[in-house]
There are 2 protein chains.
Amino acid sequence: MVKVKTRHIPIFIELLLLGAKETYIQVSTTSLANKIDKSQQAASRHLLELEDIGYIKRKRSGGKHSIKITEEGNAVIMDLYLLLQRVIEGKKPVFEMNGEVFSGLGEGAYYMSMNGYRRQFVKHIGFDPYPGTLNLKLETSADRQQRRFLDTQSNIHIDGFEDGQRTYGWAKCYLAKINNKLDGAIIILERAHYDHSVIEVIAPINIRERLKLKDGDKLSITVNTMKNQ
Amino acid sequence: MVKVKTRHIPIFIELLLLGAKETYIQVSTTSLANKIDKSQQAASRHLLELEDIGYIKRKRSGGKHSIKITEEGNAVIMDLYLLLQRVIEGKKPVFEMNGEVFSGLGEGAYYMSMNGYRRQFVKHIGFDPYPGTLNLKLETSADRQQRRFLDTQSNIHIDGFEDGQRTYGWAKCYLAKINNKLDGAIIILERAHYDHSVIEVIAPINIRERLKLKDGDKLSITVNTMKNQ
DNA sequence: ATTACTATGTACCGAGTAG
DNA sequence: TCTACTCGGTACATAGTAA
């Protein structure tokens, strides 16, 4: 369902129109009220509510307030937009994220080579991953927003397991295209699923070698979130 | 502003999800209520309201109701969608309409050649139109919806005038591309502006000849509704 | 000028229930 | 079963006003 309260939609739209998507804009409750055709008090309360939930941020300088929509706020409105896109245009939401390659701790190779995971990869995503993950740092808030939105989309679930010594958490995957040509998948591990500024990518081959990547190189990842329709 | 009442948005989305965009679907108020997380009574009332405004149509067969969204209903939700598209993606709404060429009464040539109009065309749309309009019949409801939505968009206004004998109504124009290559404009005349199944196209040249068109041929018209931003 | 409090009104919702 | 009425409660809005 729609995460944003319907009564907040008009004020969200006006804020976006004023450019509050990523920068602070200066607007009075009275002027906002006129735009959404409600009273100043209503606008004021809406802003307080949105601030409370964490969908907008405000800072006062002098008497006036500046307003910016937070990443969470942008995410919920994006959510609504994509839902409408789906029902109106029948389009699959396709996400493109751009990030910078960086070196992790090398633990990806360790996890990817474990049979408990590998078996499931072969079964559910159709390939046996090269032992190692490619780490991408998402630099822009738009990219992190896409990443965050991924969480709301259907995914391929990989169960956790234990080997007597310790337990290994679950993971979830999204099939993806790397630089619009290589097939692979985004993998989100339980232990790190709350970090929206990083994605880990796996593929049947060594992506780093194949694309001759070094740290700091840009890479694009395209995710098709819906399997059909 | 948003023409659809915000409290109706969730039910609109559910109806679209169920495919009520162009066909009747069978759904109970109870099941709709569950989907939008409201009571059966609320769902019932919403449907009555939407029916009242003319955004949905219902027909009862036996005890049950079938629901379809009307063209007006589709237009308002499209409106919201495009507004979101604009504020989120910063995209210009571009409309493509497809229609079939047909012969009118030939009166287009008469109007287009009048100096009272020609002067304004040259000044406001930048060309002296070939004396004659090309009539397009919009066959699908999607196309008619686009046409209807045009009315809500900013346009080039052409004043009416009188020549002592009779008065000539106003017109409005939208710059357009014909088959994605020829420059021209859609012209909507006051006397016919309520007919959403037809559009008239003008251009500096004879479109019919240039594209070797005959009645029944398909033509696409692309309109850029916003001049900038 | 601001924003946001309190008090009062209205619109919207759900419970109960009829047709 | 279904839809949709009445009615009483709640959520949301505005008026008035303080800071």
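No hydrogens, no waters, no symmetry mates; every other heavy atom, side chains included, goes into these values. Letters go in sequence order (proteins before strands), and every chain restarts at 1.
Among residues two or more places apart in sequence or in another chain, the ring-ring contact (aromatic ring centres under 6.0 Å, His included) test is passed with A/His196 by none. In terms of the side chain to side chain contact (heavy atoms under 4.5 Å, CB included) criterion, residue partners of B/Lys172 (sequence neighbours excluded) are, by chain and number, B/Asp151, B/Asn155, B/Trp170, B/Tyr174, B/Ile188. By the salt bridge (charged side-chain N to carboxylate O under 4.0 Å, His left out) test, A/Arg58 is found to be paired with A/Glu51, residues two or more places apart in sequence or in another chain being considered. Under the side chain to side chain donor-acceptor pair (under 3.5 Å) criterion, A/Ser44 pairs with no residue at all, not counting sequence neighbours. Contacts of A/Phe161 classified as ring-ring contact (aromatic ring centres under 6.0 Å, His included), with partners at least two apart in sequence or in another chain: A/Tyr117, A/Tyr168. By the side chain to side chain donor-acceptor pair (under 3.5 Å) test, A/Asp159 pairs with A/His157, sequence neighbours left out. B/His124 meets the ring-ring contact (aromatic ring centres under 6.0 Å, His included) test with no other residue; sequence neighbours excluded.
A/Glu51 places its CD atom 12 Å from the P atom of C/dT3, with the value rounded to the nearest Å. As rounded to whole Å, 16 Å separates atom C1' of D/dG9 from atom NZ of B/Lys38. Counting to the nearest Å, the C1' atom of D/dC12 and the NE2 atom of A/His8 are 10 Å from each other. Taking atom CG of B/Leu48 as the reference point, atom P of D/dA4 lies 5 Å away to the nearest angstrom. Taking atom CZ of residue A/Arg58 and atom P of nucleotide C/dT2, one finds them 14 Å apart after rounding to whole Å. When rounded to the nearest whole Å, the span between CG of A/Asn34 and P of D/dA13 equals 16 Å. Following rounding to the nearest Å, A/Asp37 (CG) and D/dA13 (C1') show an atom-to-atom distance of 13 Å.
Side chains of A/Thr23 and A/Lys68: a donor-acceptor N/O pair is absent below 3.5 angstrom, by distance only.
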Are any protein N/O atoms closer than 3.5 Å to N/O atoms in nucleotides 15-19 of chain C? If there are, list each pair with its distance.
from: C/dA15; atom 1: N7; to: B/Gln41; atom 2: NE2; distance (Å): 2.6
from: C/dG16; atom 1: N7; to: B/Gln41; atom 2: NE2; distance (Å): 3.4
from: C/dG16; atom 1: O6; to: B/Gln41; atom 2: NE2; distance (Å): 3.0

Are any protein N/O atoms closer than 3.5 Å to N/O atoms in nucleotides 7-12 of chain C? If there are, list each pair with its distance.
from: C/dC12; atom 1: OP1; to: B/Arg7; atom 2: NH1; distance (Å): 2.5

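The residue B/Ser28 sits close only to the backbone: its heavy atoms come under 4.0 Å of sugar-phosphate atoms, none of a base. Here B/Leu47 lies out of heavy-atom contact (under 4.0 Å) with every strand.
Considering only side-chain N and O atoms, B/Thr29 lies under 4.0 angstrom from the phosphate OP1 or OP2 of D/dT3.
Within the cation-pi definition used here (under 6.0 Å to the ring centroid, within 45° of the axis), B/Lys59 qualifies as a partner of B/Tyr24.
Here the nucleotide nearest the side chain of A/Thr30, chosen from C/dT2, D/dC2, C/dA4, is C/dT2.
Rounded to 10°, the helix from C/dT2-D/dA19 to C/dG19-D/dC2 has 40° between the axis fitted to its first five pairs and the one fitted to its last five.
Counting only residues at least two apart or on different chains, the ring pair (Phe, Tyr, Trp, His ring centres under 6.0 Å) pairs with a member in residues 32-57 of chain B are B/His8-B/His46. Every pair passing salt bridge (charged side-chain N to carboxylate O under 4.0 Å, His left out) that includes a residue from residues 189-200 of chain B is listed here, sequence neighbours excluded: B/Glu107-B/Arg191.
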